[in-house]
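Here is the structure we will look at, set down as structure tokens.
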2 protein chains.
Amino acid sequence: MSPRKSVAEARRTRERIVDRAIALASVEGLEGLTIGRLATDLGMSKAGILGHFGTKETLQLAALDGASAVFSRTVWERARHEQPGLPRLRAVCEAWSSYLETEREIFPGGCLFTTAAVEFDARHGALRDAVARLFRVWRRRLAGEVRTAVEAGDLPASTDPDQVAYELGGLYLALNQEIQLFGDPEAATTRTRKALDRLLANTVTPTV
Amino acid sequence: MSPRKSVAEARRTRERIVDRAIALASVEGLEGLTIGRLATDLGMSKAGILGHFGTKETLQLAALDGASAVFSRTVWERARHEQPGLPRLRAVCEAWSSYLETEREIFPGGCLFTTAAVEFDARHGALRDAVARLFRVWRRRLAGEVRTAVEAGDLPASTDPDQVAYELGGLYLALNQEIQLFGDPEAATTRTRKALDRLLANTVTPTV
DNA sequence: CCTACCGATCGGTAGG
DNA sequence: CCTACCGATCGGTAGG
């Protein structure tokens with residue numbers, strides 16, 4: 001066993017490290033993630049792991065990047081072939097919700113991005129920037145879907161796509177918290193669906 | 001300077017420790033909080049600090065407890081004397097928003113509770129339980145204010161207080177994230193106010 | 001409330 | 001990819 005493995009083998013090892021890092025970070029956070037624990041889990045030495053990344057920060061960025069690829073496959077890709085407009089917007093929302101409901105299969109400790117956001121929001125550096133970028137991109141994409149739905153005539157012209165995207169973000173933060181902290185996916189799903197219907201269709205009886 | 005201080009002095013020291021612990025934990029998280037750092041900041045020894053709490057976990061719980069007292073003074077107390085119903089509910093919402101907008105004065109690293117929630121939501125133990133309890137209590141109290149507003153005839157009888165409280169929670173998670181991660185309090189405040197108006201008054205033009 | 005200390009673990013490096 | 005090691009720091013204890 002040992003040094004001088006083929007390029008393909010090295011890449012496979014790197015992938016194994018990243019996968020395990022994602023799982024660990026979802027529980028302990030990207031800061032709580034340690035190279036020693038990772039080494040033990042993978043049956044490797046710490047130096048073996050660091051050889052692939054150089055520093056812990058690079059490893060953290062790689063884990064974040066790998067996780068965002070998983071998210072894209074789980075949420076965006078799944079809605080890709082739906083009809084542009086409200087159908088695709090609803091498909092994205094549906095995929096996002098079910099990602100949060102079943103994420104433990106991918107991220108044992110819950111949504112890695114939510115955790116990372118609060119871990120780094122009071123700091124400076126590459127990780128904070130990377131996390132902020134992810135949220136910004138997703139928000140923009142969400143707003144784009146809303147805008148498409150407005151242009152298709154599926155939502156009223158008065159709809160503010162950025163406002164709706166903002167509120168959707170809040171709903172998913174709430175859904176994640178409800179599932180992870182209170183362990184009640186069913187109630188949370190029902191509440192989210194209700195809020196979503198009101199937000200996307202305004203089918204609520206007017207008041208005042 | 002030394003051992004054998006008066007009970008009053010000991011209590012003052014304990015308060016100093018808790019205050020500093022809250023500030024540190026708001027930046028580093030309750031897990032990232034370390035006794036060594038706390039000792040350096042306060043010009044004390046680690047043993048001097050541990051003498052007041054015994055273990056780090058007890059210190060963390062004391063910090064969480066102290067922070068929740070600050071939150072109550074900042075949000076609940078401030079709305080206490082408003083007229084029960086929509087006025088008091090709006091006052092609570094207003095106080096909650098402005099707490100999140102100005103919290104850096106109290107909690108330099110942002111809302112300690114949001115951070116604590118994601119830190120412990122994948123674990124077991126006293127801290128997870130304490131954090132979950134806080135969120136549950138606040139949610140229930142918020143729902144109570146909504147219910148009062150419904151009973152006062154300020155909101156339609158069809159209003160679901162728990163649903164509204166749930167959505168309000170999401171709005172505050174979003175507001176906190178927007179401020180801490182994107183550093184844009186003005187935009188976030190505007191969006192929150194807009195969402196709030198729609199949520200509490202349903203003044204939105206119906207669609208479909 | 002202090003000094004002095006414990007074993008464990010941290011991220012990272014040297015050298016192969 | 002490994003062994004062997006570095007200084008720093010962790011939570012916590014003994015004893016005063």
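Computed from a predicted model, the values in this text were never measured in an experiment. We name chains A, B, ... by the order of the sequence lines, and we start the count at 1 in each one. All values below come from the heavy atoms of this structure, side chains included, with hydrogens, waters and symmetry mates left out.
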Among the candidates C:dA14, D:dA14, C:dG11, find the nucleotide nearest to the side-chain atoms of A:Ala47. C:dA14
Using a heavy-atom cut-off of 4.0 Å across all strands, would you classify B:Ile35 as base, sugar-phosphate, or nothing? sugar-phosphate
Side chain of B:Thr34 - closest among D:dG12, D:dC10, C:dC1: D:dC10
Residue B:Leu50, side-chain heavy atoms: nucleotide from D:dG12, C:dC2, C:dG12 that is nearest: D:dG12
Given that A:Gly51 and A:Lys46 both sit by DNA chain D, which one's nearest nucleotide is further toward the 5' end? A:Gly51
Look at the side chain of B:Ser45 and the backbone N and O of B:Gly48, then say whether any donor-acceptor pair between them is shorter than 3.5 Å. yes
Determine the interplanar angle of the B:Tyr172 and B:Trp96 rings, folded into 0 to 90°, and report it as parallel if under 30°, tilted if 30 to 60°, perpendicular if over 60°. parallel
For a quick test of reading the model: is some side-chain N or O of A:Thr13 closer than 4.0 Å to OP1 or OP2 of D:dC1? yes
Give one of base, sugar-phosphate or nothing for B:Leu33, where a contact means two heavy atoms less than 4.0 Å apart. sugar-phosphate
Any donor-acceptor N/O pair under 3.5 Å between D:dG12 base and B:Lys56 side chain: no
Touch class at under 4.0 angstrom, heavy-atom based, for B:Ser45 against every strand present: base
Need one value for B:Ile49: base, sugar-phosphate or nothing, where a base atom within 4.0 Å counts as base even if backbone is also close, heavy atoms only. nothing
